[in-house]
Number of protein chains: 2
Amino acid sequence: MDVKTARKTAAKTKIHELLAASKTALAHSDIQHMVGGLCDRVTIYRVLDRLAEAGAIHKIVDMDGTVKYAACRMCSAGHHHNHVHFSCQKCHALLCLENVVPSYTLPETYTVLETNFTLSGLCPQCA
Amino acid sequence: MDVKTARKTAAKTKIHELLAASKTALAHSDIQHMVGGLCDRVTIYRVLDRLAEAGAIHKIVDMDGTVKYAACRMCSAGHHHNHVHFSCQKCHALLCLENVVPSYTLPETYTVLETNFTLSGLCPQCA
DNA sequence: TCTAAAATGCAACTCTGTTGCAATAGTGCG
DNA sequence: CGCACTATTGCAACAGAGTTGCATTTTAGA
C-alpha cells in the first residue's frame with residue numbers, strides 16, 4: 001500500500017489559481033500562454049491530470065474536439081458533472097451552466113456512468 | 001457562382017457504404033483499416049469531410065475526444081442532430097440513440113445552434 | 001472523344017498529447 | 001537544521017490525428 005502524497009508546487013498552485021479565477025474553461029494552450037515560462041508544456045499536462053484525478057478540476061471535451069479544463073465549483077456535494085456546457089461559436093469560450101441539468105429517458109439496458117451535454121451557439125456576449 | 005458538382009468515386013461509395021452498414025459510429029482509423037489499401041489516408045479525411053458537408057453523414061466527437069462518423073438515418077425531415085449518443089466505456093462503441101431527445105431549459109440570452117449529448121457507460125452488450 | 005474541374009496520392013508539416021529518464025525539489029523525520 | 005525518500009519537473013524523443021500544397025489521375029458533361 002504505497003499511498004502517494006501530493007506535494008504543493010509552484011506549477012500546481014498557479015494552474016489551479018488560473019482555473020479558479022477564470023469564468024470560462026481553459027485549454028492547455030491557454031494555460032501555457034498564461035503561465036509564461038513558469039513551467040514546461042509537459043508539466044502542465046501532468047498537473048492538469050493530477051488536479052483532475054484529485055477532483056479539483058474537471059476535463060471537458062468541446063464539440064469541436066478541443067479539450068478544456070474548468071475548476072469544480074458546485075461539485076462539493078456528490079460531485080456530479082452532469083450539468084450543461086455552452087460553447088460559443090464566435091468567441092470560442094466554453095462555460096459551465098452549473099444549474100442547467102437536462103432530463104432524458106433511456107432504455108433500461110444502458111448503464112450510464114458519465115454524461116456530457118454541450119450546447120453550441122452564441123453566448124450572451126456575442127449574440 | 002461556381003457551383004461544385006460532386007462526383008461519384010470508388011472511395012466515396014465504399015466509405016458511405018461502410019458507414020451505412022455499421023450499427024456504430026466509425027473513427028477514421030476504423031475506416032482506414034476497413035478499406036484496406038483502396039485509398040490514401042488523406043483521401044478518407046477528405047471524403048468524410050465531403051460526405052458530412054453534403055449531409056450524408058454526421059461527425060461526432062466522443063467524450064474522450066475521439067472523432068467518429070455515422071450515416072444519417074432518421075434525419076430526412078428537418079435534419080436535426082439533437083439526439084443522444086451513447087459511448088460504451090468497455091467496447092468503445094459509439095451509437096446513436098435516434099429517438100432519445102433530452103429536454104432542458106436555458107436562459108433566453110443564449111442562442112443554441114447545435115447540440116451534443118453524449119452518455120457514457122456500459123452498452124447492453126457489455127453490461 | 002475531349003476537356004474542365006473534381007478527386008486522389010504523396011510528402012511534408014502542424015498540433016496535441018505521451019513516455020522514458022535523469023535532475024530537481026517538497027515533505028516528514030530524526 | 002539536515003537527510004532521505006520520492007513526488008515532481010525538464011528535456012528530448014516519440015506517436016497519433018489532421019491539414020496543406022502540388023502534381024497526377026479520373027469523372028461527368030458537352
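Throughout, protein chains are lettered first and strands after them, A, B, ... in sequence-line order, and every chain is numbered starting at 1.
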Which of D:dT9, D:dT8, D:dT20 is nearest the side chain of A:Arg7? It is D:dT8
A:Asp40 atom CG is separated from D:dA12 atom P, nearest whole Å, by 9 Å
Take atom NZ of A:Lys12 and atom P of C:dG26, then tell me their distance rounded to the nearest Å.
13 Å
B:Arg41 CZ to C:dT14 C1': how many Å, rounded?
12 Å
Looking at D:dA17, C:dA6, C:dT8, which one has an atom nearest to any side-chain atom of B:Ser29?
D:dA17
At 4.0 Å (heavy atoms only), tell me whether A:Leu48 reaches a base, stays on the sugar-phosphate, or touches nothing.
nothing
Measuring from atom SG of B:Cys39 to atom CD of B:Gln32, what distance do you get when rounded to the nearest 0.5 angstrom?
8.5 Å
So, OP1 or OP2 of C:dA7: does either fall under 4.0 Å of a side-chain N or O from B:Thr43?
no
Say you draw a straight line from CD1 of B:Ile44 to CG of B:Asp49; how long is it, rounded to the nearest 0.5 Å?
12.0 Å
Of the nucleotides D:dT8, C:dT8, D:dA12, which one has an atom closest to the side chain of A:Val42?
D:dA12
For A:Thr5 and D:dT6, is the shortest distance between a side-chain N/O and OP1 or OP2 below 4.0 Å?
no
Can you tell me how far P of D:dG16 sits from CG of B:Asp30, to the nearest Å?
15 Å
Who are the side chain to side chain contact (heavy atoms under 4.5 Å, CB included) partners of A:Ala127, not counting sequence neighbours?
A:Leu122, B:Thr111
Judged by nearest nucleotide, the residue sitting upstream toward the 5' end of DNA chain D, B:Thr9 or B:Val67, is B:Val67
Taking the nucleotide of DNA chain D with the closest heavy atom to each, which residue, B:Thr66 or A:Val47, is nearer the 5' end?
A:Val47
Round to the nearest Å and state the distance from A:Asp62 atom CG to C:dT16 atom P.
13 Å
Intermediate values then yes/no, side chain to side chain contact (heavy atoms under 4.5 Å, CB included), A:Val47 and A:His16:
CA-CA 9 Å; A:Val47 167; A:His16 196 182; over 6 Å; no
Answer with base, sugar-phosphate or nothing: what part of the nucleic acid does A:Ile44 contact at a heavy-atom distance below 4.0 Å?
nothing
Please give, in whole Å, the distance from D:dT19 C1' to B:Lys59 NZ?
11 Å
Between C1' of D:dC14 and OH of A:Tyr45, the distance in whole Å
14 Å
Regarding the side chain of B:Asp49, the nearest nucleotide among D:dT19, C:dT19, C:dT8 is D:dT19
B:Lys8 NZ to C:dA7 P, straight-line distance once rounded to whole Å:
14 Å
Contact class for B:Arg50 (heavy atom, under 4.0 Å): base, sugar-phosphate, or nothing?
sugar-phosphate
Out of curiosity, A:Asp62 CG to A:His92 NE2, how far, rounded to the nearest 0.5 Å?
8.5 Å
Side chain of A:Ala11 only, heavy atoms from C-beta on: which candidate in C:dT8, D:dG10, D:dT9 is closest?
D:dT9
